[in-house]
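The basis for the numbers below is simple: all heavy atoms, side chains too, and nothing from hydrogens, waters or symmetry mates. Numbers restart at 1 for each chain; the letters A, B, ... are given by sequence-line order, proteins then strands.
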Number of protein chains: 4
Amino acid sequence: MPPKPGRAALQERYDRRQAEVVLGAARVFARRGYDQTSVPQLAEELGIAAGGLYHYFGGKEQLLIAICDQLMDPLLTEAQALLAEGGTAEEQLRALVRSWVAHVVEHRDHMLVFQQERHVIDHGRQWAQVRERRKRFERLVEGLLRRIADDGAARLPDARLTLSALLGMVNHTAQWYRPRGRLDVAAIADGYVDLVVG
Amino acid sequence: MPPKPGRAALQERYDRRQAEVVLGAARVFARRGYDQTSVPQLAEELGIAAGGLYHYFGGKEQLLIAICDQLMDPLLTEAQALLAEGGTAEEQLRALVRSWVAHVVEHRDHMLVFQQERHVIDHGRQWAQVRERRKRFERLVEGLLRRIADDGAARLPDARLTLSALLGMVNHTAQWYRPRGRLDVAAIADGYVDLVVG
Amino acid sequence: MPPKPGRAALQERYDRRQAEVVLGAARVFARRGYDQTSVPQLAEELGIAAGGLYHYFGGKEQLLIAICDQLMDPLLTEAQALLAEGGTAEEQLRALVRSWVAHVVEHRDHMLVFQQERHVIDHGRQWAQVRERRKRFERLVEGLLRRIADDGAARLPDARLTLSALLGMVNHTAQWYRPRGRLDVAAIADGYVDLVVG
Amino acid sequence: MPPKPGRAALQERYDRRQAEVVLGAARVFARRGYDQTSVPQLAEELGIAAGGLYHYFGGKEQLLIAICDQLMDPLLTEAQALLAEGGTAEEQLRALVRSWVAHVVEHRDHMLVFQQERHVIDHGRQWAQVRERRKRFERLVEGLLRRIADDGAARLPDARLTLSALLGMVNHTAQWYRPRGRLDVAAIADGYVDLVVG
DNA sequence: TATGAATGAGCCTTCATTCAT
DNA sequence: CATGAATGAAGGCTCATTCAT
């Protein structure tokens, strides 16, 4: 008889399983749509009984929130780390966009869900924190673009417009990127930056 | 006593009402989400009884298709007209993007629904025609970008990547544009083109 | 310009159309089922607009009642006439069953509807008259069977049971009779009587 | 503490409950009519929530099919067993009709539903199996009647017509039989057979 | 921890019916 | 006399969720 796992080990197994569920849910939701996927359907694809999901999540919407957190948290963390490292604004932008595109590409499913459910995120009561992180990330990028514009280096037509354009193109990447495509992540990111900084 | 309306007049009234319903539905769906809006809710916002909608549409999904058609049809038509008018590739691109941005901005609700429901459009059986029009439009833009690249005028990193970027930024406009904002449609469109053609 | 039809002519046309509708409805209901046939469907098969039916009938159930009346009224009338004509009980039974089978066969659709909707007829408030006519007819047949039994002619096991058997076999005819089948109406009727009277 | 039920026990409980539901549904449908009974109404009479029914049946029509199966399966099985036992054709017929009448009487509700919904059974796509069993049973009876006719014992007017008559009278029994009536099942069955074989 | 049964609410849709035209 | 538009109610069914086991 194996030794009874301790409390910590149990917690770890629980967390691992929870993260797996979030990942799987993102995959399923991205394909079928969040609303069009019923909890029983989702459970079946995850190889679990419908009721079993409720051990890991209070409900369907909390699962959606978890997906968005799993998407936004590391992105924001990494962006802040990059900005702390120093370098010119353009160097920082290039590094940031590379990291960002990589993140988008690795979390394509999360991104697709995120975009699908924009109207919930924008208006929902419980979504304030997700909105706030998105806002924080956008401000980071905006700050960089302003620094570049101020450096005079660029003929940026308008920092806000450029920000919007960049957001649009990078996030849109989730919708067309295919793993073994012609361009790798770095090439894509550099292409975007080249467009933006001329 | 007014003259009894003829068959043609009846048809016209029917069509007008139908178009109104599509427009209204786009507005409601954009705000609340397609799936989260029940048919009774939609009907109430349109000032019609729930069952009455079914005189104009076979079902909820057909309504969604109609929204996408109302979005794509005139855009494609106008794009084709512009390309037929002649001019350099860059001039044509500038004109096309202006028209495109204007369309996106005027049909913001349609665009938001379109993006929300991407997974249905991409996979659904009945969505082939919508997919095909989207593809056709993208090819039009791609052709222009290739012509520009071939003219040597531009340091386009990659025509396909540029296309994706442009699609991303223009379509994303629907998510942040506000009617009386700082930038008008022409400024936005020109900003985008400037990014792309350097 | 043809002369304006008089009130009587109008009434006649109305009645003719009404009878046509009853006939057509019986046909459609027999095939599809009364409940499974929606009023629009019925109207379409009759070549009339849905609302138009309501010029001839107060509602769907009244149409069903009319079908049953069109079935029962002439049957009862004819049975009474036959009994008034004299003859031995067995002769009268033979004549009655011939007339009855002929009626069932000619009104197959009515019969099928009648049997389908037995539970409504048995319990419904407005169905008392139909029930009463059915009862009256059954009593006529029962009387004949008793007279035959009393004549000692027959080894009828039990007049009531024989009545039930006869009702069962004759009414069931509607379910298998086909117009150009092997047996004609007289042969069928005589076969039934032969079974019953030995 | 009772032992946790195993998989087999669970399955058994499920099957038992399912059979109860079929039985109850037959009762309710016989009284109110299949179409006139809504699923919520049915559920209420069965003491279950509306949605709960769908654990046991895919839909309302499958429930109807189950009712017909519960009616036909044991009847056919028993008939085949009787025929395998040997005896003269007439003895077998008498035994078969007794068993058949007993079955009809015990499954009166099933029979009434079966007859009500004849049009669905006759035409529906999913009803082929039920139709086939009905046909198989009829052929069994027909075979017996032919053997009797060939034995020369009987002045059967026509084997096919006699079959139809027998079907009509036996099945019609469901519509008039009352549990504590004057005649018991054996008397009824024998009465029918006496009519048929003279 | 995980399950299968069960629930109540709500979904999309269709219905029988009415009525202005 | 007939139509097409519209309605309110109800239909069958699925949903997210709970809970005893």
> Before giving the answer on side-chain contact (heavy atoms from CB on, under 4.5 Å), spell out for D:Leu42 and D:Lys60 the whole-Å C-alpha distance, their side-chain angles and the decisive distance to 0.1 Å.
CA-CA 10 Å; D:Leu42 173 63; D:Lys60 205 186 176 192; 6.0 Å; no
> Want to settle it: does C:Gln41 or D:Gly47 sit nearer the 5' end of DNA chain E, counting the closest nucleotide to each?
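By nearest-heavy-atom nucleotide position, the 5'-most residue is D:Gly47.
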> For DNA chain F, whose closest nucleotide is more 5', that of C:Leu53 or that of A:Ala50?
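It is C:Leu53, whose closest nucleotide lies nearer the 5' terminus.
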> Do B:Trp127 and B:Glu61 get their side chains close enough for a donor-acceptor pair, meaning under 3.5 Å?
yes
> Counting heavy atoms not belonging to C:Glu20, are there more than 12 under 6.0 Å from its CD?
yes
> If pairs are Watson-Crick or G-U with both distances under 3.5 Å, what is the dot-bracket string of DNA chain E, marking crossing pairs with [ ] and pairs to another strand with |?
.||||||||||||||||||||
> Between P on E:dA5 and CD on D:Glu12, what's the gap in Å once rounded to a whole number?
14 Å
> Mapping A:Pro40 and D:Lys60 to their closest nucleotides on DNA chain F, which lands nearer the 5' end?
D:Lys60
> Nearest whole Å is fine: how far is E:dC11 P from A:Gln36 CD?
15 Å
> Between A:Asp122 and B:Arg31, is the closest basic N to carboxylate O distance under 4.0 Å?
no
> Would you say B:Ser38 reaches E:dC11's phosphate, i.e. side-chain N/O to OP1/OP2 under 4.0 Å?
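Result: yes.
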> Any side-chain N or O of D:Arg17 under 4.0 Å from OP1/OP2 of E:dA6?
yes
> Classify the ring geometry between A:Tyr56 and A:Tyr14 as parallel (under 30°), tilted (30 to 60°) or perpendicular (over 60°).
tilted
> Answer with base, sugar-phosphate or nothing: what part of the nucleic acid does D:Val39 contact at a heavy-atom distance below 4.0 Å?
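It contacts sugar-phosphate atoms only.
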> Measuring from the side chain of C:Ala49 (C-beta onward, heavy atoms only), which nucleotide among E:dG8, F:dA16, F:dT3 has the closest atom?
F:dT3
> Is D:Tyr54 close enough to E:dT7 that one of its side-chain N or O atoms is under 4.0 Å from OP1 or OP2 there?
no
> So what does C:Phe57 hit on the nucleic acid, given a heavy-atom distance under 4.0 Å: a base, only sugar-phosphate, or nothing?
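If one applies the 4.0 Å heavy-atom cut-off, C:Phe57 turns out to touch nothing in the nucleic acid.
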